[in-house]
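This report refers to the structure that appears directly beneath it.
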Amino acid sequence: FAILTQMIFVMFFTALHKTDPSWSIEGTAVYYALMIDQFATPLTPLLLQAPWLMKLLTLSTYYVQKYGVWIAFMPLGHWVRTGFVAAMIFMQVGFASFLELGLFPWVVAAGWLLFLPSEFWDRVAGFPVFYRLRGLPGNSSDLKAADRLGLLKQAGIFLLWVYVLL
């Protein structure tokens, strides 16, 4: 519970720190951040060509960090929570794509994995590729499905999960 609360507090108090009108009214904070050459990535010029998108990203980041993070603790169903966690991880991927922030976005994205409900992890554990990786026999329908996937697809799924978890 403590680490989950810490994740929420980091996001919420970050939003409280954003008192400048460029965050909540003007929507220009992302523009100003992207204009700092020290933080620019090769993709930064693409986003600078879409002022309407930068305004949308500024306002959505501010309001999601201030109010949306509380969704993580609400009992709204596992699909809502899974979707919210995916949105928060994609937000961090967006930060990493357009701003050079070191490991911070990746660490925060990994932290959001802790909010995924047990139904998500049960579903992941039920993928046929994981039966073979763990050496579990599974039931016959799972093994037949694993045979149909083929070794290449199984390796791709495994690499995707390794990438997500790192």
Side-chain angles (χ1 to χ4, degrees), residues 1-127 129-130 156-166:
F1 178 76
I3 196 163
L4 302 179
T5 305
Q6 182 179 1
M7 287 289 298
I8 297 298
F9 281 0
V10 166
M11 293 299 204
F12 179 72
F13 288 110
T14 298
L16 287 184
H17 182 68
K18 297 173 180 171
T19 57
D20 190 74
S22 66
W23 279 102
S24 58
I25 299 168
E26 300 166 3
T28 56
V30 168
Y31 169 77
Y32 291 128
L34 293 174
M35 291 304 294
I36 301 172
D37 290 336
Q38 181 180 356
F39 295 123
T41 69
L43 295 177
T44 301
L46 295 174
L47 192 54
L48 285 170
Q49 295 175 11
W52 64 270
L53 183 57
M54 288 186 290
K55 184 172 184 166
L56 176 70
L57 291 172
T58 299
L59 295 173
S60 63
T61 298
Y62 175 72
Y63 288 110
V64 165
Q65 285 183 336
K66 191 168 185 178
Y67 303 112
V69 293
W70 300 105
I71 291 173
F73 281 127
M74 293 182 183
L76 298 174
H78 68 276
W79 290 110
V80 173
R81 183 182 259 186
T82 302
F84 178 74
V85 169
M88 296 305 288
I89 290 172
F90 282 124
M91 184 172 78
Q92 297 303 320
V93 170
F95 290 159
S97 299
F98 295 102
L99 293 168
E100 188 63 51
L101 299 173
L103 292 176
F104 179 75
W106 305 113
V107 171
V108 174
W112 279 109
L113 293 175
L114 298 172
F115 285 89
L116 288 170
S118 59
E119 291 87 357
F120 173 84
W121 295 113
D122 291 342
R123 203 159 185 65
V124 169
F127 285 167
V129 65
F130 288 106
I157 292 170
F158 175 73
L159 291 175
L160 176 66
W161 281 109
V162 168
Y163 176 76
V164 167
L165 294 175
L166 293 179

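The analysis underlying the following values was restricted to heavy atoms, covering all of them including side chains, and did not include hydrogens, waters or symmetry mates.
Between the CG atom in L53 and the CG atom in L48 there is a gap of 10.5 Å [rounded to 0.5 Å]. Taking CH2 of W70 as the reference point, atom CD1 of I8 lies at 6.5 Å (rounded to 0.5 Å). The distance from the NZ atom of K66 to the CZ atom of F12 is 7.0 Å, given to the nearest 0.5 Å. The CG atom of L16 sits 7.5 Å away from the OH atom of Y62 when rounded to the nearest 0.5 Å. One finds the CG atom of D37 at 13.0 Å from the CD atom of E100 (value rounded to the nearest 0.5 Å). Note: W112 CH2 to F90 CZ = 14.5 Å, rounded to the nearest 0.5 Å.
Proximity of M91 to L57: side-chain heavy atoms (C-beta onward) are nowhere separated by under 4.5 Å. Between F120 and V85 the shortest side-chain heavy-atom distance does not fall below 4.5 Å. Counting only heavy atoms from C-beta outward, the side chains of W23 and L59 never approach each other to under 4.5 Å. Residues T82 and E119 form no side-chain contact, since every pair of their non-hydrogen atoms from C-beta on lies 4.5 Å or further apart. At least one side-chain heavy atom of K18 sits less than 4.5 Å from a side-chain heavy atom of T61. Looking at M7 and V108, their side chains come closer than 4.5 Å, going by heavy atoms from C-beta outward. F104 is not listed as a side-chain neighbour of L99, based on a closest heavy-atom distance of 4.5 Å or more.
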Worked verdict on L113 versus I89 for side-chain contact (heavy atoms from CB on, under 4.5 Å): CA-CA 8 Å; L113 293 175; I89 290 172; 3.7 Å; yes
Is there a side-chain contact (heavy atoms from CB on, under 4.5 Å) between V69 and M88? Walk through the geometry before answering. CA-CA 9 Å; V69 293; M88 296 305 288; 4.2 Å; yes
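Within 6.0 Å of the CH2 atom in W79, the count of heavy atoms belonging to other residues, nucleotides or ligands does not exceed 12. No more than 12 heavy atoms of other residues, nucleotides or ligands lie within 6.0 Å of CD1 in I3, so this atom counts as exposed by the packing criterion. The number of heavy atoms from other shown groups lying within 6.0 Å of NZ (K55) does not exceed 12.
A pairwise comparison of heavy atoms in T41 and S97 identifies OG1-O, 2.6 Å as the closest pair. Residues F84 and G68 share a closest heavy-atom pair of CZ-O, 3.1 Å. R81 and P117 make their closest contact through CD-CD, 3.9 Å (heavy atoms, listed as atom of the first residue, atom of the second, distance). Considering every non-hydrogen atom in both T14 and Q65, the closest pair reads CG2-OE1, 3.8 Å.
Between F9 and F13, the two ring planes are perpendicular [angle over 60°; tilted spans 30° to 60°].
Between the side chain of S22 and the backbone N or O of T28, no donor-acceptor pair lies under 3.5 Å. Judged purely by atom type and a 3.5 angstrom limit, T44 has no side-chain atom pairing as donor or acceptor with the backbone of L34.
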